[in-house]
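Beneath this line is the structure, given in structure tokens, with notes to follow.
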Amino acid sequence: MADVKRVERPLSPHLQIYRPQLTSLTSILTRITGNALIVGVLLAVWWLLAAATSPEYFETANAVATSWFGDLVFTGSLWAVWYHYLAGLRHLYFDAGKGLEIETAEKLGLGVIVGSVVLTIITIILV
Amino acid sequence: MRYLTARKRAEGKGASGTGTEHHWYMTMSAVGLAFLVPVFVYIFGKTLGQGHEAVIETFSRPFPAILTALTVVVGMRHFAKGAQMMIEDYARGTSRKIGIIIAYSISYAVTAVALYALAKMTFIGFILGAMGA
């Protein structure tokens, strides 16, 4: 029996090694939007906690949540949600083994970018 | 000398150490969130900017409360495991472990705070209703 060697496993290839492409860019953005959404979640949950605590505390949290800073965070989060949403659906489609030809994948990538902006604008108008 | 087949030596040595469980959870929660998130965004967006009593009134109703609870619970599990994926890609050793612990702690704390807030608003809504306010 051969000896089991301890191997130094490589980390994920770093971003600067590859030439940026639409497919890689849209993939990286999925990760960034997904993780960045924690900021919007923290603000939203803090606002909920304040509403459950007292009118004075709600006043404070609501002032932050509806200030220019709150608007910035929630508008950014709204786009991040829609981007992550569409990119996630695209991943489910990829997982099914479909849409993996370069041309189709790039079309889907463009669709995710355009779609997320359109959905964000529609949501702002509706809500 | 231990007798190990090549297969036995390979088992559990994948990138995750847990097979496809993690990926499958992300798939399941993604499908769940695909239904939950648009409704939550609508309810939250409509409520944000309203007065204190209107906010309590909304979140003490069964549908917004249960939907928000579901979105937070599933969403925070999805976040914890997604953040874990990112940390495992870019960090190793102790910093990887600490990073994953922090991500999990944040997601459980956020879940607990949100559920507490929802339960308390339901209670306040119940009291206000009983007083005929």
Side-chain angles (χ1 to χ4, degrees), chain A residues 1-5 7-15 28 30-35 37-38 40-59 61-62 65-66 70-71 74 77-78 81-82 84-89 91-92 95-96 119-120 123-124 126-127, chain B residues 1-6 9 13 15 23 26-27 30-31 33-34 37-38 40-53 55-56 58-60 68 72 75-76 78-79 82-83 85-92 103 106-107 109-111 113-114 116-124:
Chain A
M1 288 285 121
D3 286 326
V4 181
K5 274 197 203 151
V7 282
E8 266 293 287
R9 292 176 198 283
L11 288 175
S12 195
H14 281 286
L15 307 179
I28 293 158
T30 310
R31 171 163 285 183
I32 294 172
T33 50
N35 284 282
L37 270 171
I38 194 66
V41 168
L42 285 174
L43 185 58
V45 171
W46 179 55
W47 181 77
L48 282 178
L49 177 68
T53 304
S54 69
E56 296 78 36
Y57 195 15
F58 179 76
E59 207 64 47
N62 197 45
T66 55
D71 284 346
F74 284 134
S77 297
L78 183 61
V81 160
W82 284 127
H84 199 79
Y85 191 97
L86 294 177
L89 291 183
H91 263 285
L92 295 179
D95 278 358
L119 282 171
T120 304
T123 313
I124 291 173
L126 273 180
V127 174
Chain B
M1 178 91 86
R2 288 170 71 207
Y3 287 92
L4 286 169
T5 60
R9 202 177 295 133
K13 298 286 187 197
H23 186 80
M26 292 311 270
T27 306
V31 172
L33 288 166
V37 166
F40 170 74
V41 165
Y42 181 78
I43 292 173
F44 184 81
K46 279 282 182 200
T47 317
L48 184 68
Q50 294 193 21
H52 191 205
E53 272 172 29
V55 171
I56 289 177
T58 298
F59 287 106
S60 58
T68 306
V72 171
M76 281 297 98
H78 189 83
F79 166 77
M85 214 149 56
M86 175 180 72
I87 293 160
E88 284 173 346
D89 275 352
Y90 303 125
R92 59 188 3 158
I106 291 172
S107 72
V110 167
T111 308
V113 170
Y116 168 82
L118 288 169
K120 198 167 172 198
M121 279 195 275
T122 299
F123 183 67
I124 297 171

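Labels below follow one simple rule: chain letters A, B, ... track the order of the sequence lines, proteins then strands, and each chain is numbered from 1.
Looking at A:Ser54, the atoms closer than 4.5 Å to chain B (heavy atoms on both sides) all sit in the backbone: N, CA, C or O. At a 4.5 Å heavy-atom cutoff, the contact between B:Ala91 and chain A is made by backbone atoms alone. Only the side chain of B:Met76 has a heavy atom closer than 4.5 Å to any heavy atom of chain A. Within the 4.5 angstrom heavy-atom criterion, only side-chain atoms of A:Trp47, from C-beta onward, approach chain B. Of the atoms belonging to B:Val110, heavy atoms from both backbone and side chain fall under 4.5 Å from chain A. Proximity to chain B involves both the backbone and the side chain of A:Leu49, based on heavy atoms less than 4.5 angstrom apart.
Atom OH of residue A:Tyr85 and atom CG of residue B:Leu33 lie 9.5 Å apart, to the nearest 0.5 angstrom. For the atom pair A:His91 NE2 and B:Thr27 OG1, the distance stands at 10.5 Å (nearest 0.5 Å). The structure places CE of B:Met85 at 8.5 Å from CG of A:Asn35, a figure rounded to the nearest 0.5 Å. Rounding to the nearest 0.5 Å gives a distance of 13.0 Å between NZ of B:Lys120 and CG of A:Leu48.
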*Begin from the C-alpha positions of B:Phe79 and A:Leu37 and carry the test side-chain contact (heavy atoms from CB on, under 4.5 Å) through to its verdict.*
CA-CA 9 Å; B:Phe79 166 77; A:Leu37 270 171; over 6 Å; no
*Is there a side-chain contact (heavy atoms from CB on, under 4.5 Å) between B:Val55 and A:Asn62 once you walk through the steps?*
CA-CA 11 Å; B:Val55 171; A:Asn62 197 45; over 6 Å; no
Listed pairs under 3.5 Å, donor-acceptor, residues 42-51 of chain B side chains, sequence neighbours left out:
from	atom 1	to	atom 2	distance (Å)
B:Lys46	NZ	A:Leu126	O	3.4
B:Thr47	OG1	B:Ile43	O	2.6
B:Gln50	NE2	B:Lys46	O	2.8

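Using cut-offs of 30° and 60° on the angle between ring planes, the pair B:His78 and A:His84 is perpendicular.
Options B:Ala103, B:Ala114, B:Ala34 differ in how many heavy-atom pairs under 4.5 Å they form with chain A, and the most are formed by B:Ala34. Residue with the most contacts toward chain B among A:Thr123, A:Ile38, A:Leu119: A:Ile38 (heavy-atom pairs, distance under 4.5 Å).
Checked by atom type and distance alone, the side chain of B:His52 pairs as donor or acceptor with a backbone atom of A:Ala51 at under 3.5 Å.
The two atoms that bring A:Ala52 and B:Ala117 nearest to each other are CB-O, 3.5 Å, heavy atoms only.
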